Amino acid sequence: MILLHIDSSPLGSNSVSRHLTERVVSEWTATRPDTRVEYLDLAADAPSHLSADSLGFRVGPQAGASSEAQQRENAVSERLVAQFLRADVIVVGAPMYNFSVPSQLKAWIDRIAQAGRTFAYTEKGPIGLAGGKTVIVASSRGGIYSTNPALVGLDHQESYLQAVFRFVGITDIRFVRAEGVAMGEAARSRAIASADLAIAALLRTPANEGEAVLAA
Ligand SMILES: Cc1cc2nc3c(=O)[nH]c(=O)nc-3n(C[C@H](O)[C@H](O)[C@H](O)COP(=O)(O)O)c2cc1C
C-alpha cells in the first residue's frame with residue numbers, strides 16, 4: 001500500500017495541520033506496516049500557478065514544437081498526477097486560508113485534475129477516474145464553522161476538498177478537524193487534543209472501504 005502524505009502549511013513546527021498529518025501517518029503506519037509513505041511538502045515545493053506553458057494537459061498539444069518551458073511544466077504535472085494515481089491513501093494537511101485552501105494546495109489540485117487521467121467528460125456528464133482511494137484531510141482553522149450555522153456557509157475549504165476528491169471518483173473521504181485554533185490558547189489546545197483523539201476512530205475503518213464519508 002502506498003500512502004501519499006501532503007503538507008501545505010508554511011508554518012513548520014507551529015503548524016496545526018502538520019501536527020495532525022504527522023499523527024495520522026504515524027498511527028496509520030503503526031497498524032499497517034506494509035505501507036510505503038511518499039511525502040510531498042507543498043510549502044517547500046509547490047507547482048507554479050497554471051500558465052500558458054503549463055496548460056498543455058488541459059488544452060491539448062499546441063501548434064509547433066513544445067518549448068523548453070512547456071516540457072518542463074508538463075513534466076511537473078506528470079510527476080504530480082502519477083504520484084497521486086499510484087497512491088492508495090492520501091493524507092492532506094489543509095489549513096483554511098481566507099475561507100478556502102492555501103494557494104500552494106490549490107496549485108497541486110490544478111495539476112492533478114487532468115481530463116483523461118483523473119476524470120473524464122462523457123455524454124452523461126463527468127465521471128471520476130481515480131476511485132478506490134482513501135483520502136484523509138487534516139483540517140485546521142482559526143474560527144469554528146462546523147457547529148455555527150452563521151458561519152458554516154463560509155467553509156469553502158473542507159467543502160471544496162470534498163467536491164474535488166469526489167469529482168475524481170473518490171468516495172472514502174475522511175476529515176479530522178482542529179477548529180477554533182485562533183480563539184485563544186485554551187481553545188487551541190482543546191481543538192488539537194480533540195482532533196488527536198478523533199484520529200484513532202477515523203483510522204479504525206480500513207482503507208478503500210465503501211461509500212462512507214466520515215466526518216470527525
Ligand atoms: C493567511 C491566513 C489566512 C487565514 N484565513 C482564515 C480564515 O479564513 N478562516 C479561519 O477560520 N482561519 C483562518 N486562518 C487561520 C488558520 O486557518 C489557522 O491558523 C490554521 O491553524 C492554519 O493552519 P496551520 O496551523 O497548519 O498553518 C488564516 C491564517 C492565515 C495565516
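Just so we're clear, the structure is a prediction, and the values are computed from it rather than from any experiment. The first residue of the sequence shown is numbered 1, and numbering continues consecutively from there. Order of appearance sets the numbers: ligands from 1, and atoms from 1 within every ligand.
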**Request:** Would you please indicate if the ring centroids of Phe99 and Tyr97 are separated by under 6.0 Å?
**Result:** no
**Message:** Out of all atoms in ligand 1, which are within 4.0 Å of some heavy atom of Gly143? Include the element for each.
**Reply:** 10 (C), 11 (O)
**Prompt:** Charged N to carboxylate O under 4.0 angstrom, Arg174 versus Asp172?
**Reply:** yes
**Prompt:** So among Ser17, Ser146, Ser140, which one has a side chain to side chain contact (heavy atoms under 4.5 Å, CB included) with Arg177?
**Reply:** Ser146
**Heavy atom of the protein closest to atom 10 (C) of ligand 1 (residue, atom name, distance)** = Tyr145 OH, 3.2 Å
**Request:** For atom 5 (N) of ligand 1, grab the closest protein heavy atom and report residue, atom and distance to one decimal in Å.
**Result:** Asn98 N, 2.8 Å
**Prompt:** With a 4.0 Å cut-off, would you call Arg117 and Glu78 a salt bridge?
**Reply:** yes
**Message:** Please determine whether the number of non-hydrogen atoms from other residues, nucleotides or ligands lying under 6.0 Å from atom CD of Glu27 exceeds 12.
**Reply:** yes
**Complete:** Of all protein heavy atoms, the one nearest atom 12 (N) of ligand 1 is Gly142 N, 3.0 Å
**Request:** Taking the six-membered ring of Tyr160 (Phe, Tyr or Trp), confirm whether the NZ or CZ of Lys106 is under 6.0 Å from its centre and within 45° of its axis.
**Result:** no
**Prompt:** Hey, is ligand 1 close enough to Arg18 that some N/O pair sits below 3.5 Å?
**Reply:** no
**Prompt:** Which protein non-hydrogen atom lies closest to atom 19 (O) of ligand 1, naming both residue and atom, and how far is it?
**Reply:** Val181 CG2, 4.0 Å
**Prompt:** Does any donor atom in the side chain of Gln157 or Ser139 lie under 3.5 Å from an acceptor atom in the other side chain?
**Reply:** yes
**Request:** Return the residue, atom name and 0.1 Å-rounded distance of the protein heavy atom closest to atom 23 (O) of ligand 1.
**Result:** Ser140 OG, 2.8 Å
**Atoms in ligand 1 with a heavy atom of Pro95 nearer than 4.0 Å** = 22 (C), 23 (O), 26 (O)
**Item:** For atom 27 (O) of ligand 1, closest protein heavy-atom neighbour
**Value:** Ser9 OG, 2.6 Å
**Request:** Starting from atom 8 (O) of ligand 1, find the nearest protein heavy-atom neighbour and note its residue, name and distance.
**Result:** Phe99 N, 2.9 Å
**Request:** Give the contacting part of Val16 toward ligand 1: side chain, backbone, both or neither, where contact means a heavy-atom distance below 4.0 Å.
**Result:** both
**Salt-bridge contact Arg141-Asp155 (side-chain N to carboxylate O under 4.0 Å)** = yes
**Message:** Tell me the protein heavy atom at minimum distance from atom 17 (O) of ligand 1, and give that distance in Å.
**Reply:** Met96 O, 2.7 Å
**Prompt:** Which ligand 1 atoms does Tyr97 reach within 4.0 Å, using its non-hydrogen atoms?
**Reply:** 2 (C), 3 (C), 4 (C), 5 (N), 29 (C), 30 (C), 31 (C)
**Prompt:** Under a 4.5 Å cut-off applied to non-hydrogen side-chain atoms, are Glu38 and Gln83 in contact?
**Reply:** yes
